[in-house]
Amino acid sequence: MVPMKAAILYNSLTGNTRKAGELIAANLQQEGWGITGVSAVRKPEMASLQEADMVIVGTWVHGLFVVGQMPFGVGGIEHLPALRGKLSASYCTFALNPGKSLDRLETSLKLLGTEVIGGLALHRSKLPQHAEEFAARLVANVPVLR
Ligand SMILES: Cc1cc2nc3c(=O)[nH]c(=O)nc-3n(C[C@H](O)[C@H](O)[C@H](O)COP(=O)(O)O)c2cc1C
């Protein structure tokens, strides 16, 4: 069996979403997945995207905390090249309420031509637990090794 290979991309202002990406990578590696790279959306490691079967994209929630929440930087995400035909998943980190940020991220990932597996909102004060949960759900939902 060939293990799944995932690339992780993040937008991060104060570091939570980057840290979440690193935690997700570590958890997936423990489950036997390969990680081709963890890089910023604005400076993606192109080789890591090309090599990956799945691209995991994370960003942070911005808005007025209870209204107007949006995932930060969807424009940059929608301009990522070379993802067509790959699997994808999204995550966002938030402080109070993510609103419909995950739905919005899913739309972006579909626009890029990827097959979206799912997404999870990670509370910024519970990154280790929520990253573990996210990785476990991904592994449970993508058992097929090609
Ligand atoms: C300008 C600004 C607006 C924010 N708006 C929201 C919001 O509407 N809802 C929410 O739950 N968190 C909001 N947050 C909190 C961030 O989403 C949260 O701290 C996140 O983990 C930051 O990720 P980062 O450290 O990767 O930048 C906001 C943060 C900033 C700086």
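When a ligand or atom number is given, it counts from 1 through the structure's own listing order.
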Counting non-hydrogen protein atoms only, what is the nearest one to [atom]? Give residue, atom name and distance.
atom	result
atom 12 (N) of ligand 1	A95 N, 3.2 Å
atom 5 (N) of ligand 1	G63 N, 3.0 Å
atom 8 (O) of ligand 1	F65 N, 2.7 Å
atom 6 (C) of ligand 1	V61 O, 3.3 Å
atom 19 (O) of ligand 1	R124 NH1, 2.8 Å
atom 20 (C) of ligand 1	T93 OG1, 3.2 Å
atom 27 (O) of ligand 1	L13 N, 2.6 Å
atom 31 (C) of ligand 1	W60 CZ3, 3.8 Å

Going by the order shown, which atoms of ligand 1 are within less than 4.0 Å of some heavy atom of [X]?
X	value
L96	10 (C), 11 (O)
H62	3 (C), 4 (C), 5 (N), 6 (C), 8 (O)
T17	23 (O), 24 (P), 26 (O)
G15	24 (P), 25 (O), 26 (O)

T17 side chain vs L13 backbone, donor-acceptor pair below 3.5 Å = no

Checking K86 side chain against L49 main chain: does a donor-acceptor pair fall under 3.5 Å?
-> yes

Atom NE2 of H123: over 12 foreign heavy atoms under 6.0 Å | yes

Can you establish whether the number of heavy atoms outside E45 located under 6.0 Å from its atom CD is more than 12?
-> yes

Carefully, step by step, assess L9 and I56 under the rule side chain to side chain contact (heavy atoms under 4.5 Å, CB included).
-> CA-CA 6 Å; L9 288 168; I56 299 169; over 6 Å; no

Any salt bridge between E78 and R104, counting N to O under 4.0 Å?
-> yes

So for T14 against ligand 1, with non-hydrogen atoms under 4.0 Å, the contacting part is both

Taking non-hydrogen atoms only, is L64 closer than 4.0 angstrom to ligand 1 via side chain, backbone, both or neither?
-> backbone

Under 4.5 Å between side-chain heavy atoms, hopping through other hydrophobics if needed: is there a path connecting L109 to Y91?
-> no

If you measure from CD on E106 to OG on S90, what distance do you get to the nearest 0.5 Å?
-> 6.5 Å

Would you check if there is a donor-acceptor pair between the side chains of S101 and Q69 at a distance under 3.5 Å?
-> no

Contact check: P98 vs ligand 1, nitrogen or oxygen atoms, below 3.5 angstrom | no

Min N/O separation R18 to ligand 1 under 3.5 Å = no

Given side chain to side chain contact (heavy atoms under 4.5 Å, CB included), test F94 with L122 step by step and report yes or no.
-> CA-CA 7 Å; F94 70 101; L122 283 61; 5.6 Å; no

